[in-house]
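Let me begin by presenting the structure, written as C-alpha cells, before commenting on it.
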Protein chains: 2
Amino acid sequence: MTLEGKRVRIKAKGRIFEGIVMPSFTDCLVLKLDNGYNVGFKDYEVLEILEEKPISFPKPKIEKKEELPNVMIISTGGTIASKVDYRTGAVTSQFTAEEIVGDVPELLDVCNVDAMLLYNILSENMKPKHWIELAREVYKAIKKGYEGVIVTHGTDTMHYSASALAFMLSTPIPIVFTGAQRSSDRPSSDASMNVFCSAVTAVSDLGEVVVVMHGTTSDDYCLIHRGVKVRKCHTSRRDAFRTINYTPLGKVHYPSGEIEWIGERFKRGERELELRDKLEEKCVLIKFFPGLSPDILEYYYERGYRGFVLEGTGLGHVSTDWVDTIKRIAEDSLIVMTSQCLWGRVCCRVYDTGRYLLRAGVIEGEDMLPEVALVKVMWLLGNYDLEEAKKLVKENLVGEITPSTRYDYS
Amino acid sequence: MTLEGKRVRIKAKGRIFEGIVMPSFTDCLVLKLDNGYNVGFKDYEVLEILEEKPISFPKPKIEKKEELPNVMIISTGGTIASKVDYRTGAVTSQFTAEEIVGDVPELLDVCNVDAMLLYNILSENMKPKHWIELAREVYKAIKKGYEGVIVTHGTDTMHYSASALAFMLSTPIPIVFTGAQRSSDRPSSDASMNVFCSAVTAVSDLGEVVVVMHGTTSDDYCLIHRGVKVRKCHTSRRDAFRTINYTPLGKVHYPSGEIEWIGERFKRGERELELRDKLEEKCVLIKFFPGLSPDILEYYYERGYRGFVLEGTGLGHVSTDWVDTIKRIAEDSLIVMTSQCLWGRVCCRVYDTGRYLLRAGVIEGEDMLPEVALVKVMWLLGNYDLEEAKKLVKENLVGEITPSTRYDYS
C-alpha cells in the first residue's frame, strides 16, 4: 500500500508530525507539513491515516511538440535539485532533472525538454575536472542539434563554472546556467521561476554562456548575466548574482517570458561550435592583505604552479616587498593582477608600486573579476604556450574584458 | 633668487614646458601647467622668466581660536598627500600634513588643527606594525585632550587600518580616516572635500573609528562609514568606499558641513579610552576557489600560524576535502569562515558541507567582512588566550557584527 498523496499522522524522533506524504525517490518518508516545509524521516511509525483518498501529484506531459525547439537540461546538483536530508535535517542534493521538469510544467509551453543527471554535488565541491566533463556534455548536446542548453548548478561556484565553459566552448547557441538560493521544497523557492526564465533564454537569439537568476527579491524578472562578468554577491538573497563592470545582457520578465535585451551580446549562430577543453589546474588565486609574505608565491612555484592571479588592492597593488619574488618567478610564469575592489579597472601605471610590479613581469588584468581571471589563466596555460598566453590574457576573448573606452561601466 | 610663484619656461627631458613654479619641499622644481596638472623636474634648465612678479600662495592662518575644538591630523601618506614624482611621472607620496591644511583653508573655520607626519608611504605598503604605531600615536593625541583625530591614509588598505584601530583603541572621540582617489594637484581631486568633511566629523557627537569619503561621484556629500563595516569597492571612482551589511553612520553635506545621522553609532564619551595594541601577525586570509588544495592550511600551520580566515563560497563553504585538514589543525587554531559574496551572513548549518566544517572546528564569522575578520583574529590572538578568542570572535565587540535580527541589512 502506497502512502503517497495521503494525509498521515506519524511518530518520529519522539515527536508527532502530521502532513501529506510526498513522492519520494529514496527509502525515507517525506512529509509536507502544513507550514509548507518538507521533512524527511528514515525511522517513523505511522499512527493514523487521516485522509484515505490520496492527493494526486500532476505528472509532466512529456509528449514532444514538433513546433517547439528542443532544449537539453543538464543537472549537476545544488540547491535547485535538493530536498531536506532526512539524516541531518540539512538540505542536500537528491533530485534529478526530470523532477525539476515535473515541478515547472509551464516549461513545456516553451520548449521540448530532455534532461540528464550529470552530477549530484553541491557546487563547493566542483573542481576543474568537472568543468571539463560538463563542457564535453554540453558540446555533445549542441552537436546533437539542441537549440539551447540549460545547466542547473549550485549557486556557490556557478560563476566559476560558467566562466570555464565560456572559455572552453565557442557556442552558436545559448548555454544557460541557473540554480536556486532556496530549495524547491520551500515556499519561498526561486527554483521554478529561474528554470522558466532560463528556458526562455535558452530558445532566444543568444549565442553565449550566461547565468539567469532572480533580478530582485520579488518574482518580477530574472537577469541574464554574461557568464564571465557575473559573481555571487550575497550569501542568501534570491537576487544574489550581479553583473560587475558591465550591464546585464537582458531581463526576462515573469510570468510573461518577454525578454528585454540590454547589453551587447553574442547572437545565435554568430560563432562556430568549437571545444578547447584543456585546463592547467596548477594555477592559484591569491588575495593580498597587509603583511602577507610573498613566500606564498614561491611555495606554489616550487610545486610547479605557473599561473598566478593576484587579487591586489586598489588599482592593482601588492606591497613593494613582493617585487623581488615576482621578478624571480615571472619569466616562466603568467602573473595577472586583478583588484579586490572588484569594481573598476586595474591600472598599475599610476603609482610607483604598480610600475615596479609591471617591470617585474606582472600583467594587468584590466577589468576582469579575479575569479574569471583565474579560470582564464587555467584555460590559456592549458591551450597555448606561455608567450601566447601572456599576450592573450590582456585581450578580450569572450566578453571578459570590457573595452576601457566604455566609460559607462568604469 | 627664488622662482616660487613665477611663470617660467623651462627645458627638461628634451622638451619645453611652461607654467607657474609651485612651492616645493624637495630639490625638484614643480611646475603647475596651464592644464592644471603639476609636473616635477629634477634636471631642467630655466630658459626664461615670463612673469617676474610672483603669484603669492595663500598661507594657512595658524592662529588658534579659543572657541574652536582642537583636532590632530596624522598623515600616513597615500594619494591625499602626494604629487607627481619627478623621476617617473607617476604619483608618489611627498607632502606633509601642514601642506594639506594649506590646501583646505576652510578647515580653520571648523577647528584648530595640529598636524604630524607619521609616515609617508603608499597604503599597499602598510603592515600590522604600522597599525600598532598609528594606534599609539592616536592614543597619545587623545590623552593630550584633542577632541578629534583625523588620519590621512592611502585608500588601498584604509579599511584594514581603520579596522585595526577600531579593535585596538576603545575611544571616547571620533577617529576619522580619510584619503583621496585623485591626487590633490589634479583638478578632479577629492582631497579637499574629504578633509573638510572629516574635520566636521572629527568634532561631532561620535565616539568611534570611521572612514569619511565621497558618497557620490559629485561633490555633494561624504559618507561616514563605520571602520569595521566598510571596504573599497572601486579601483578609481571617488565614491569607492561602501558600507557593507550595515548602513553608513551618516552623511556630511558639502559645502554646508551639516551632518545627517543614519545608522546607530557610538557617541562621544560613550566609551573610556583604552589601548590594547598587541597583534598576532601570524594570521592569514585564504580565498577559496574550486580546486584549491587544503595543503595551504598545513603550509601556514607548520610555520606557526594559528589564525585562519577562510573566504569561502556562498553561505560559508569550502570543498569537503578540506574537512580532514581543518580537523587536524583546529584544536590549537582559530579558524573563521567568511564569504566571498561579501554581502550577507555566513550560515554553515544549512548544507551538509557546512555542518561538516562546523564539526571540524570552523567558527562562523557571521556577517563580518573577510578583511575585518582577519584583523579581528590578529587582535584576538594577540590579546587573549585561544579559548577566549574562539568565544569572542563570534561576538560583536565594536560594531563589526550586525545582529542577525536586523533583517533590513540581511
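Each chain gets a letter, A, B and so on, in the order its sequence line appears, and its residues count up from 1. Values reported hereafter were calculated over all heavy atoms of this structure, with side chains retained and with hydrogens, waters and symmetry mates removed.
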Given that the side chain runs from C-beta out, which part of A:Leu315 has a heavy atom under 4.5 Å from chain B: side chain, backbone, both or neither? both

The interface call for A:Trp322 against chain B, heavy-atom contacts under 4.5 Å, is neither

What part of A:Phe289 lies closer than 4.5 angstrom to a heavy atom of chain B: side chain, backbone, both or neither? both

By a 4.5 Å heavy-atom criterion (distance strictly below it), what part of A:Tyr300 contacts chain B: side chain, backbone, both, or neither? side chain

Report the option among A:Met378, A:His317, A:Glu371 that has the most heavy-atom pairs separated by less than 4.5 Å from atoms of chain B. A:His317

Quick check for you: among B:Ser339, B:Gly291, B:Gly314, which has the greatest number of heavy-atom pairs under 4.5 Å with chain A? B:Gly314

B:Phe177 side chain reached by B:Leu165 side chain, heavy atoms, under 4.5 Å: yes

According to salt bridge (Lys or Arg N to Asp or Glu O under 4.0 Å), who are the partners of A:Glu311, at least two apart in sequence or on a separate chain? B:Lys287

Among B:Arg231, B:Glu281, B:Lys129, B:Gln181, who wins on heavy-atom pairs under 4.5 Å with chain A? B:Arg231

Heavy-atom closest contact (B:Gly316 atom, B:Cys348 atom, distance): O-SG, 3.4 Å

Testing B:Arg355, B:Arg349, B:Arg345 one by one against B:Glu364 for a salt bridge (charged side-chain N to carboxylate O under 4.0 Å, His left out), which residue passes? B:Arg349

Tell me, side chain or backbone of A:Cys283 under 4.5 Å from chain B's heavy atoms, or both, or neither? backbone

Rounded distance [0.5 Å steps], SG in B:Cys347 versus CG in B:Asp367: 12.5 Å

Relative to chain B, which of A:Val346, A:Leu342, A:Thr157, A:Thr320 shows the most heavy atom pairs under 4.5 Å? A:Thr320

Classify the ring geometry of A:Tyr299 against B:Tyr299: parallel below 30°, tilted from 30° to 60°, perpendicular beyond 60°. tilted

Would you call the rings of B:His225 and B:Phe241 parallel, tilted or perpendicular if under 30° counts as parallel and over 60° as perpendicular? tilted

If we define contacts as heavy-atom pairs under 4.5 Å, which of B:Arg303, B:Met126, B:His130 has the most with chain A? B:Met126

Can you tell which part of A:Val318 gets under 4.5 Å to a heavy atom of chain B, answering side chain, backbone, both or neither? backbone

Pairing donors with acceptors under 3.5 angstrom, does anything connect the side chains of B:Thr313 and A:Asp156? yes

Shortest non-hydrogen contact from A:Gly365 toward A:Val336: CA-CG1, 3.7 Å

Answer with side chain, backbone, both or neither: which region of B:Ile286 has an atom nearer than 4.5 Å to a non-hydrogen atom of chain A? neither

Identify which of A:Ser161, A:Ser319, A:Ala164, A:Pro290 forms the greatest number of heavy-atom pairs closer than 4.5 Å to chain B. A:Pro290

